Structure formats: structure tokens, C-alpha cells
Amino acid sequence: MKTEFIELSLGSHVISHGFDALNKEITEEVNVKGFSIKVVAISRIKSLSEKYILTDYLDGRWIYWEYESDFEELKKQLL
């Protein structure tokens, strides 16, 4: 089975590492200048908003990426 990929221009992001004993989300903010082009497996993309694209990571973490694309164009590519 072939995995499909998409090229994205991604920037700053928030990594969700899970929840603590009090059910509070444990997050890590990563701020970068500008955007970098990355190739992402479409199967890793879980959600898209006008500001963030949500992806999962192999170890169960979730990553909310800022992206540099037109929302409507990116949505069309994913549909």
C-alpha cells in the first residue's frame, strides 16, 4: 500500500505530550522564525483550521503546526 504525502510550509508549533495526573494537558511551545518546507504523510493529518494543521506523531504526541498556505487551497488538496 502506497503512503501519500503532501508538501507543507510549517512554522511554529505546539506539541501536546499528553495529560498529567490532574488531567491538565502537558504542552511545549516551539517558536521559530519563518517557515520550513516539510513532507508529511497525509495519514498523519488529523485536522485543519485556518491557523493550524494538527498531526500525530509515532509516539502518541499531537502537534499543532502553524502553516503558510491558503486554507481553501490546502483543504482542496486534502479532500
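Just so it is clear, the model here is predicted, and its values are computed rather than measured.
- Between Ile6 and Gln77, the closest side-chain pair of non-hydrogen atoms falls below 4.5 Å.
- Counting heavy atoms from C-beta on, the side chains of Thr55 and Lys46 never come closer than 4.5 Å.
- Residues Asp56 and Ile45 are not in side-chain contact: their nearest non-hydrogen atoms beyond the backbone lie 4.5 Å or more apart.
- Atom CZ of Phe5 sits about 9.0 Å away from atom CD1 of Ile42, to the nearest 0.5 Å.
- For Ser49, the side-chain contact (heavy atoms from CB on, under 4.5 Å) partners are Lys51, Tyr52, not counting sequence neighbours.
- Here Leu22 is tied to no hydrophobic group at all, with no ILVMFWY side chain closer than 4.5 Å.
- Contact check for Leu8 versus Trp65: no side-chain heavy atoms found under the 4.5 Å cut-off.
- In terms of the side-chain hydrogen bond (donor to acceptor under 3.5 Å, both in side chains) criterion, Trp62 has no residue partners (sequence neighbours excluded).
- A 4.5 Å side-chain heavy-atom check between Val40 and Ile53 finds every atom pair outside the cut-off.
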Which donor-acceptor pairs under 3.5 Å do side chains of residues 24-32 form with protein atoms, sequence neighbours excluded?
| unit_1 | atom_1 | unit_2 | atom_2 | d |
| --- | --- | --- | --- | --- |
| Glu25 | OE2 | Ser16 | OG | 2.6 |
| Glu28 | OE1 | His17 | NE2 | 2.8 |

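- In this structure, the separation between CG on Leu74 and CD on Glu50 is 12.0 Å, given to the nearest 0.5 Å.
- Using a 4.5 Å heavy-atom cutoff, the side chains of Phe71 and Leu48 are in contact.
- Applying the side-chain contact (heavy atoms from CB on, under 4.5 Å) test to Tyr57 and every residue at least two apart in sequence or in another chain returns Arg44, Asp59, Arg61, Ile63.
- Between the CD atom in Glu7 and the OG atom in Ser69 there is a gap of 9.5 Å [rounded to 0.5 Å].
- Every side-chain hydrogen bond (donor to acceptor under 3.5 Å, both in side chains) that Lys75 has, sequence neighbours left out, goes to Glu72.
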